Structures are given as structure tokens and as C-alpha cells.
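Following: one structure in C-alpha cells, then a few remarks.
Read the numbers this way: they start at 1 and go in the same order the structure lists the ligands and their atoms. No experiment lies behind these values; they were computed from the predicted model shown.
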Amino acid sequence: MAKQPMLKFVQIEHDMPQKRDASVRKEDFNEIYAEYAAAKAEEQASRCSQCGVPYCQSHCPLHNNIPDWLRLTATGRLEEAYEVSQSTNTFPEICGRICPQDRLCEGNCVIEQSGHGTVTIGSVEKYITDTAWENGWVKPAAPLAERSESVGIIGAGPGGLAAADMLRKAGIQVTVYDRYDRAGGLLMYGIPSFKLEKDVVERRNKLLADGGVTFKLNCNVGEDISFEEIRSQHEAVIIATGVYKSRDLAMPGSGSEGIVKAIDFLCASNKKSFGDNVEEFDNGSLNAEGKKVVVIGGGDTAMDCVRTSIRQGATSVKCLYRRDRANMPGSQRETQNAEEEGVVFEWLSAPKGFTDDGGKVAGVMVQKMRLGQPDASGRQAPEVIDGADYVEEADLVIKALGFEPEELPALWGQPELPVTRWGTIKAAFQTGATELDGVYAVGDIVRGASLVVWAIKDGRDCAEAIIEKLNSKAAVAAE
Ligand SMILES: Cc1cc2nc3c(=O)[nH]c(=O)nc-3n(C[C@H](O)[C@H](O)[C@H](O)COP(=O)(O)OP(=O)(O)OC[C@H]3O[C@@H](n4cnc5c(N)ncnc54)[C@H](O)[C@@H]3O)c2cc1C
Ligand code: SF4
């Protein structure tokens, strides 16, 4: 009888790829986790229990066929593992790096639930596709036949690019418009390199271009080209513009110099890593070097800001969050990484204003909180503890309070663009179709600030819906 390659979770312990020591990794912007060696990836994949109802798969937004590619990896059939993995995910090596696995696939792994420690699904997924790239298995789109129809995609983030990939593979002509100078959206200019090195994104952009996707970069829709013009040039348009309006703090002193938005701070840091000339970084306004930094917020963006500040050479980095550790929205893994790197968390602390010195921020007036009764959302609402206020010294304050959509109907002069009361675009579930004929929307601009994996899922679903629609139109025309 053949030897059972799987179900090794009792004999073999959960083992993540090696994490670089905090004292070393905080000196650079390189990724913090090493790659598995082949034997280690096989060993860790073999821990999967191949359970009848794979909760990992149902909790992966893409419903990745995880048990199958784990089994293929455990038995050394890596090229097949790659084929299975890429059949449901456009960017598996990116998701493997930055999905909050503890809340998705790994958090629901059956052996994690039974106390054995999850299968390291994300790290194996990353390993499979990084190996595929090394071996030349990742190929540009090569459609069987070219089609005359074209689709315009506004926004080169993961949502727009996932749609572009599927549409090109079906032979449809694709033009992607983006106001940034590089494709990738937040993969390129939001998420720091210590989570996702930029050559991983750049090789994907090149692959798409090699497969025939046309990129029109430095093209701000609404300014450089109108939405109507794009609509008139293509059979369908996908809006994949993400959400970029930073939530603000309206409180005494909030206009002082040295209080900046998270997205500006992270974007400047990422641009600098490409060797770009970034004036606001060079003149110190978006640079944490030598400063006492306070970051306000408890989500993943706040974690990226604190860890970027550490790497830029801040003298101290503190994170203020109004709830406690258990209730923070950011990933626990990222919080732990930040703590290891020297970030100090001030839980149950909220700003109520800022002190300044000649117009420059000098401190954050902090009020201490406790958690009270659950509010309408079911979460315990923070309440102020009277008499416990103090001032936290700061010469750079970074606001990481979340994002809202820009007002696209007004910005694009398209009052008929259907939006919700939150300003996100109203689009049908699983197709992204809006009420406007031929206009679709995907990713954060539909969901509000979300995750890369959800943007990929939306982009793929939307591309499928468009292909189906174009096919039926072509069939009617042929009749
Ligand atoms: C700092 C930060 C860290 C994050 N970390 C993670 C993480 O670790 N894991 C995770 O899963 N998710 C993370 N996210 C969330 C994730 O990045 C987003 O959910 C995802 O990128 C959304 O994809 P998208 O394609 O909808 O939009 P985006 O990635 O935002 O891309 C939108 C694109 O549209 C372009 N655009 C906008 N308006 C116009 C216009 N008028 N004309 C032309 N182009 C336009 C923008 O330039 C951009 O390139 C993070 C987000 C932030 C801000
Ligand atoms: S895409 Fe994300 S959630 Fe799905 S298997 Fe990969 S890491 Fe897990």
C-alpha cells in the first residue's frame, strides 16, 4: 500500500517560514519572512488533514482549492499545485504574503480548531507560486483568438488587474487607466515592502503588459480624460478606483504642521524606495527620521505606519487606539510584529486635541478610555475615563483612521452614477454590474475599504460576467 503522505499534523509541528530577527529586519524594508525550502514546504503541506468539509476553503474569499494544492505540494507535484492554485486566484503569491490568514483560511483550518496549530496555508501558497515564477511556469495571456470587443478599466489595483487578466485571457482588448505613474494601486503605493516587496508586483504588471493589456498611466479620469469618453471607447467599463478619502479628526490643533495622513506618508515612503524624487520626504514633512511619532488608529494601515516609522529611524513610535488589544481591527500577527520591532501600543487611548509649538505639532492630548456597553454594531463602545487625560509628546502625528470613497459622481460629472449613502458604488452582487448599461464596479469602491483578496474575487467575477454578456451579444449578432 502507498505511504500516506498527509495527516501529519500529530507528528509534525506547525512551523512558519523563518522570520528575520526584529533587530535586523527593522534596519531595512525587505520582507520579514524567508521562503520555505522545498522539503519544509512539503513537510508543512503534509500536515493537512484533508478533511471532508474544508473550512479553510469556504473561508477563503476565492474558495481556493487548498486541500488539493497542499496534497500536490506534499507529494512534490509542484507544477500541478501551481496550476490548481492559479486557477482560482490571479495573484496567489501576493495573497500568500498579505492576506490576514488568521481571520480567513488559517483561522478556520480544522486542525487549528482542534488545537494542533493551523497548516501554514498562506506560506505554502506563496512558495508554490514563487517557485512557479522561478521555473518559468507563469506565462502571459495567450488567447486562442483575438476578439474585437474592448473593456476599459479605471484603476490598476488588484480588482482592476484581476479583471484585466481574465478578460485578456478570453481575447478581449483591455485598456487600464490609472492616475498613478505605476500600476498596482495599494499593492504598490499603500502596502509597505516589508509585507510585499515591489518586484513581486512589478513582475505581475509586466506579465499583464506582455499578455497584451494596454496601460494608460498618469491618467486621472475626470481630469485627463472624461468618464464619458472612456465609456464611448469600450463595450464595457469597470470602475476599480478604490477608496482614497482619508477620515479626518476635527479637534483643537488638528491643522498644525506635522499632522499627516497615513496614505500620504506610506505613498511617499514607497515612492522613495523606487528612487523617485519625493520632495515632502526629503524636506522632512513625510519622513519619521529622528522624530517622536504617534500613529492614531488600530487597523492594518496604522500597523504599516508604525513599522515604516521604525524603519525610517524614528526616535520613538507610539500607537494610540481607543479600544483594547482584543478589539483592534488590525491583524494580531502584524501587531505582534510591530511590538517586536519596538512599537509601543497605548490601548484604550483616544486623541482629543493637539498641542503645538509655533504652529508645529508638539503633542497629542490623550484621553483614557474604558469599554462600556455594546453599541448598535455589537462592539463594546469606548467611554472616557474622567480625570485621566495626559499629553503624549509628538513631532509627527500620522492619522490612520480609515478611508472613504471619493465623490465620483461629482468628480466625474456623472450624477447618474449610482452610489450608496456611504458614497460607494451600487453594483450587483457577483457581477459588479451597475444600473448604467455596460458600467461595472469592483473592489473597495463597492465594498468600502476591504482586502486585496476580495478585490481579486470581485475583479474575476466581474470579468466572467462581462465575457458572458459579450458572448451572448456575439451569438445574437451571428444569428
Ligand atoms: C496601508 C494599507 C495597507 C493594507 N494592507 C493590506 C493587507 O496587508 N492585506 C490586504 O488584504 N489588504 C490590505 N489593504 C487593503 C487593500 O490594499 C485594498 O483592499 C485593495 O488594494 C483594494 O483594491 P482595489 O483594486 O479596489 O483598489 P486600489 O488598490 O486602491 O486601486 C485603485 C486604483 O485606482 C486608481 N484610481 C483612483 N481614482 C482614479 C481616477 N480618477 N483615475 C484613474 N485612476 C484612479 C488609483 O490610483 C489606484 O491605482 C491595505 C490598505 C492600505 C491602505
Ligand atoms: S487567498 Fe488568502 S484566504 Fe485564500 S487561501 Fe490564500 S491566503 Fe488564504
Side-chain angles (χ1 to χ4, degrees), residues 56-57 59-66 69-70 85 88-109 119-126 128-129 153-163 176-192 195-196 216-225 227 230 238-244 246 262-263 265-267 270 299-305 308 330-331 333-334 400 402-403 405-406 408 411-412 441-459:
C56 57
Q57 182 168 8
H59 285 84
C60 164
L62 293 161
H63 298 312
N64 280 343
N65 209 335
I66 301 164
W69 46 252
L70 286 173
S85 160
T88 53
N89 189 353
T90 315
F91 306 124
E93 74 285 23
I94 294 179
C95 292
R97 284 170 164 86
I98 59 165
C99 271
Q101 286 105 10
D102 45 0
R103 283 188 263 146
L104 300 171
C105 52
E106 294 182 10
N108 292 281
C109 166
V119 178
T120 51
I121 297 168
S123 306
V124 176
E125 188 178 26
K126 163 179 177 272
I128 293 170
T129 308
I153 301 177
I154 308 172
L161 296 184
V176 181
Y177 304 82
D178 200 290
R179 62 186 174 193
Y180 281 145
D181 55 348
R182 294 180 176 90
L186 289 172
L187 300 177
M188 197 58 115
Y189 283 140
I191 300 171
K195 279 165 56 183
L196 173 64
K216 294 209 168 157
L217 300 174
N218 293 308
C219 177
N220 192 355
V221 174
E223 258 179 35
D224 301 310
I225 184 169
F227 178 69
I230 294 184
I238 303 176
I239 302 170
T241 48
V243 286
Y244 283 87
S246 303
I263 191 68
F265 176 71
L266 293 171
C267 188
N270 277 319
D300 286 330
T301 303
M303 297 309 105
D304 290 348
C305 290
T308 297
S331 142
R333 204 182 271 176
E334 292 304 305
F403 299 95
E406 292 162 297
L408 289 188
L411 281 174
W412 291 355
V442 301
D444 281 5
I445 191 60
V446 176
R447 294 178 178 273
S450 178
L451 292 174
V452 168
V453 65
W454 281 113
I456 296 173
K457 153 105 177 119
D458 288 353

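The shortest non-hydrogen separation linking Y177 to I225 is CE2-CD1, 4.1 Å.
With hydrogens left out, the protein atom closest to atom 30 (O) of ligand 1 is Y244 OH, 2.7 Å, a heavy atom. At the shortest separation from atom 33 (C) of ligand 1 among protein heavy atoms lies D178 OD2, 3.5 Å. In terms of protein heavy-atom proximity, atom 6 (C) of ligand 1 is closest to I191 CD1, 3.7 Å. The nearest heavy-atom contact from the protein to atom 25 (O) of ligand 1 is G159 N, 2.9 Å. Regarding atom 38 (N) of ligand 1, its nearest protein heavy-atom neighbour is R179 CZ, 3.3 Å. Of all protein heavy atoms, the one lying nearest to atom 11 (O) of ligand 1 is V452 N, 3.0 Å.
Per-residue contacts place G242 under 4.0 angstrom from the following atoms of ligand 1 (heavy atoms of the residue considered): 27 (O), 30 (O), 32 (C). Of all the atoms in ligand 1, the ones that sit under 4.0 Å from a non-hydrogen atom of G443 are 26 (O). Ligand-side atoms of ligand 1 in range of N220: 40 (C), 41 (N), 42 (N), range being under 4.0 angstrom from any heavy atom. Annotation for ligand 1: atoms under 4.0 Å from non-hydrogen atoms of L451 are 10 (C), 11 (O), 12 (N), 19 (O). Heavy-atom contacts of G155 reach the following atoms of ligand 1: 33 (C), 34 (O), 35 (C) (cutoff under 4.0 Å). Here is the list of ligand 1 atoms found below 4.0 Å of a heavy atom in A240: 32 (C), 33 (C), 34 (O). Shown in contact with L266 at under 4.0 Å from a heavy atom are these atoms of ligand 1, numbered in order with element: 1 (C).
Residue-ligand proximity: C219 is placed with a non-hydrogen atom under 4.0 Å from ligand 1. Heavy-atom distances between Y189 and ligand 1 stay at or above 4.0 Å for every pair. Not a single heavy atom of W454 lies less than 4.0 angstrom from ligand 1. Ligand 1 has P158 within reach: a non-hydrogen atom of the residue lies less than 4.0 Å from it.
Looking at K216 and D224, no side-chain N of the basic residue comes within less than 4.0 Å of a carboxylate O on the acidic one, giving no salt bridge.
For the salt bridge (Lys or Arg N to Asp or Glu O under 4.0 Å) test, residues two or more places apart in sequence or in another chain that qualify with E106 are R333.
Remark: side-chain polar atoms of W454 are not paired, donor with acceptor, to backbone N or O of P61 under 3.5 angstrom. H59 places no side-chain N or O within 3.5 Å of a backbone atom of L104 that could act as its donor or acceptor partner. At distances below 3.5 Å, at least one donor-acceptor pair connects side-chain atoms of D300 with backbone N or O atoms of S331. Without hydrogens or angle criteria, D178 side chain to Y180 main chain gives a donor-acceptor distance under 3.5 Å.
Only the side chain of K195 comes within 4.0 Å of ligand 1, judged by heavy-atom distances. Residue-level proximity to ligand 1 for I445 is absent, since no heavy atom of it falls below 4.0 angstrom. At a 4.0 Å heavy-atom cut-off, ligand 1 touches D304 through the side chain alone.
Checking D444, L451, L186, V452 one by one against P158, the side-chain contact (heavy atoms from CB on, under 4.5 Å) holds for a single residue, V452.
Around atom 6 (Fe) of ligand 2, the protein N, O or S atoms closer than 2.8 Å are E125 OE1, listed by chain and residue number.
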